[in-house]
Amino acid sequence: MGFARADAPPLQALRSLWAALLLAALSACASWPAPSEPAASQPDDPVASCRAWFTRLDSVVTQHRVNDAEDHRVAGFPQLRSTRFLASFRERAAQGGAAFDDWLGLLQARGTEGHGIEIANLPDVGIEALAAVADGWNNSPPRDPRAVVTQQTRHCAQVLTDFDRSAAVRRTRLLDLAQVPDAYSTLARVLGLYPLTRLPFSTGVQRWQQDTLDAFAREARAAPGGPSTKRFVPRAPEVGDLGEALARAPRNALGIPQLDERLQQQLLDRHAPVFELPTGAGFDRIGAMTLVPGGTPRVDILRPQVYRRIAFAQLAGQTLVQLVYLAWFPERPSAGSFDLLAGQLDGFVWRVTLDNHGQPLLYDTIHACGCYHLFFPTRALRARPAPEPGIEWVFVPGEAPEAGAGERMVLRLVSGSHYLTALSTARDPVGEPYEHRAESVLRSLPWPGAESGARRSLYGPDGLIAGSQRGERYLFWPMGVRDAGAQRQWGHHATAFVGRRHFDDPDLIDRRFDRVEPVGADAEGH
């Protein structure tokens, strides 16, 4: 059933014609019953019908290249998507009961969010092709096509999840498949003779680390601020101690804190950093990410903005809350005629890991390419030695300063490269205010110049930002990092060239640091 009426204007009739043509083409590819077949042909098999729905949906999404790559699709479970964090709970979920139910629900939530992003980014012709099938299937009156597709997707996700929960063989298979592969290409490492080529790369990493230590030592002698620097400060109310609220937050059967929206925003507001850069150059200003009519991303430096999200990590058997902040610069300008690191867009990521009482435990940072991973532990952590020499394990340029009540962390960045070279704290910092947005908005941005209301993700189906490639990719490929230097989506940040490490590894801290209890701490660690 379509959406065109006898009195429909020519444009709407043309859209319906294109939708019908697309529908016919996809029917041949997906081996799915033609939309003219009545829904009653499979009245007692809603599971088969819903699997077919996801086959059709994913086929249309792939054709229009609006696949969202943030979370990993679970083969054979089209309504579910996994993350490295969720995959780490497979053993606990295998115990069954509430632990499995909560785990399965989180996998479904990730799938629903991913499909929602893809539906939002589909052009009208794809949506109308899908809505025609869903509308005929449900025998409901014509409605907004995108709402029809969304409703059908959510309905089928629940049907499939209920089935997967009830079938023991499906539960066992899911526990085996809900893993996330690492972001490294073993084939590239084999072809690039990694055991040999890693040696000069390891030397280069050590040289960069020494340069970074020298830069921090120089900046430590310089006074923060000054007439030649500019600060971007969060436009957010100062929030007091949130430790009690975080400690009281309920946890599900997996031990994951269940933070309501208000507490999430309060935590993100409380720990939002200040960015300090040299004045003058446009490439040193943070801004709002936009798409130009051709689909190319552009940073609007007239609207300072920082994107943020909640994440989680594990330490000593407990799940800790992480606060992640992403700032975009228009470019990393070339420092010479042969600068392999220069290119369009430069993202800077700052992360704060909190203990269970809301106090910062660890700060770390990368650029949006996954490069330049720095750790700044508080006094509560001590870094462990690397398990083998030469790998990128944990690089600590210095201990994090302790931010007192009402103070914010100040991040001093170098002009052009946007390398972090100093940390300090400031009370009531003055500067140009920046707005904050959920990082998820980058997955579906308005696309001017396309059809009315069109949207597109900043990231491609491979999780990379087209046009942000760097020349270094031609030299660094033997390390197995695909398109080294390109800016990429959450979940795709490999942060080591020598060794294997990801920014979203749930055990990133647990493997690299020991908890140091303060002298005189009681049994609960207070």
Side-chain angles (χ1 to χ4, degrees), residues 3 9-19 21-22 60-70 114-131 144-147 149-150 281-307 326-334 342-348 368-369 434-471 483 485-490 492:
F3 289 90
L11 178 59
Q12 185 173 349
L14 182 60
R15 282 183 174 174
S16 296
L17 175 61
W18 276 110
L21 292 174
L22 177 62
V60 175
V61 164
T62 299
Q63 180 188 16
H64 291 282
R65 293 186 54 79
V66 294
N67 313 68
D68 182 73
E70 178 163 308
H115 278 115
I117 294 293
E118 292 162 349
I119 291 169
N121 292 341
L122 273 173
D124 288 346
V125 64
I127 285 294
E128 289 176 6
L130 290 165
D144 172 60
R146 215 168 291 270
V149 174
T150 298
F283 50 71
D284 287 334
R285 292 182 58 86
I286 63 175
M289 185 62 73
T290 63
L291 298 179
V292 300
T296 302
R298 182 179 67 86
V299 176
D300 183 357
I301 60 176
L302 299 181
R303 292 188 294 145
Q305 203 162 100
V306 170
Y307 300 87
L326 167 61
W328 286 107
F329 298 92
E331 64 173 319
R332 173 170 174 159
S334 177
Q344 295 300 307
L345 302 182
D346 195 16
F348 181 92
C369 54
Y434 66 76
E435 302 287 349
H436 53 259
R437 298 287 304 278
E439 189 192 352
S440 59
V441 303
L442 298 174
R443 299 158 72 185
S444 184
L445 293 169
W447 187 10
E451 63 187 32
S452 176
R455 306 187 71 84
R456 202 77 171 184
S457 175
L458 172 66
Y459 310 100
D462 57 359
L464 304 181
I465 302 179
S468 69
Q469 290 81 6
R470 306 297 201 247
D483 213 340
Q487 311 296 286
R488 55 199 73 212
Q489 190 170 8
W490 180 265
H492 295 265

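Both backbone and side-chain heavy atoms feed into the values below; hydrogens, waters and symmetry mates do not.
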request  = Determine, stepwise, if the pair W328 / L442 fulfils side-chain contact (heavy atoms from CB on, under 4.5 Å).
outcome  = CA-CA 11 Å; W328 286 107; L442 298 174; 3.6 Å; yes
request  = Output, in order, the C-alpha distance, side-chain angles, deciding distance and verdict of side-chain contact (heavy atoms from CB on, under 4.5 Å) for M289 and R437.
outcome  = CA-CA 11 Å; M289 185 62 73; R437 298 287 304 278; over 6 Å; no
task = List the steps, then state whether side-chain contact (heavy atoms from CB on, under 4.5 Å) holds for E451 with V125.
result = CA-CA 10 Å; E451 63 187 32; V125 64; 6.0 Å; no
message = Checking E118 against V60 for the side-chain contact (heavy atoms from CB on, under 4.5 Å) test, could you report, in this order, the C-alpha distance in whole Å, the side-chain angles of both residues, the deciding distance, and whether it holds?
response = CA-CA 10 Å; E118 292 162 349; V60 175; over 6 Å; no
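R298 places no side-chain N or O within 3.5 Å of a backbone atom of T296 that could act as its donor or acceptor partner. Formation of a donor-acceptor pair under 3.5 Å by the R470 side chain with backbone atoms of Q344 is found in this model.
Under the rule for a side-chain contact (heavy atoms from CB on, under 4.5 Å), the partners of S334 that lie at least two apart in sequence or sit in another chain are D339, A342. Residues satisfying the salt bridge (Lys or Arg N to Asp or Glu O under 4.0 Å) test with R303, not counting sequence neighbours, are D300. Partners of P304 by side-chain contact (heavy atoms from CB on, under 4.5 Å), not counting sequence neighbours, listed by chain and number: F232, R285, I286, E432, Y434. In this structure E439 satisfies the salt bridge (Lys or Arg N to Asp or Glu O under 4.0 Å) test together with R309, sequence neighbours excluded. Qualifying salt bridge (Lys or Arg N to Asp or Glu O under 4.0 Å) partners for D346, counting only residues two or more places apart in sequence or in other chains: none. Partners of E331 according to the side chain to side chain donor-acceptor pair (under 3.5 Å) rule, which considers only residues two or more places apart in sequence or in another chain, do not exist here. Not a single side chain to side chain donor-acceptor pair (under 3.5 Å) links T150 to another residue, sequence neighbours left out. Take A281 and apply the side-chain contact (heavy atoms from CB on, under 4.5 Å) test, not counting sequence neighbours, and it matches F283, D284. Looking at residues two or more places apart in sequence or on another chain, you find a side chain to side chain donor-acceptor pair (under 3.5 Å) between H436 and R308. Every residue two or more places apart in sequence or in another chain that forms a side chain to side chain donor-acceptor pair (under 3.5 Å) with Q305 is listed here: Y307. Residues satisfying the side-chain contact (heavy atoms from CB on, under 4.5 Å) criterion with A120, sequence neighbours excluded, are S444.
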Table please: side-chain donor-acceptor pairs of residues 458-468 below 3.5 Å, with sequence neighbours left out.
unit_1 : atom_1 : unit_2 : atom_2 : d
D462   : OD1    : L464   : N      : 3.1
S468   : OG     : I465   : O      : 2.7
S468   : OG     : Q487   : N      : 3.0

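Residues V306 and A327 come closest through the heavy atom pair CG2-CB, 4.3 Å. When all heavy atoms of P297 and L291 are compared, the closest pair comes out as CA-CD2, 3.9 Å. Across all their heavy atoms, I301 and P330 have their closest contact at CG2-CG, 3.5 Å. Residues P446 and R455 share a closest heavy-atom pair of CD-NH2, 3.6 Å. For the pair V441 and L445, the tightest heavy-atom approach, listed with the atom from each and the gap, is O-CD2, 3.4 Å.
To the nearest 0.5 angstrom, S440 atom OG is 6.5 Å from I117 atom CD1. Here R65 contributes atom CZ and N121 contributes atom CG; the two are 13.0 Å apart, rounded to the nearest 0.5 Å.
Across D68, I119, V66, a single residue satisfies side-chain contact (heavy atoms from CB on, under 4.5 Å) together with V61, and that is V66.
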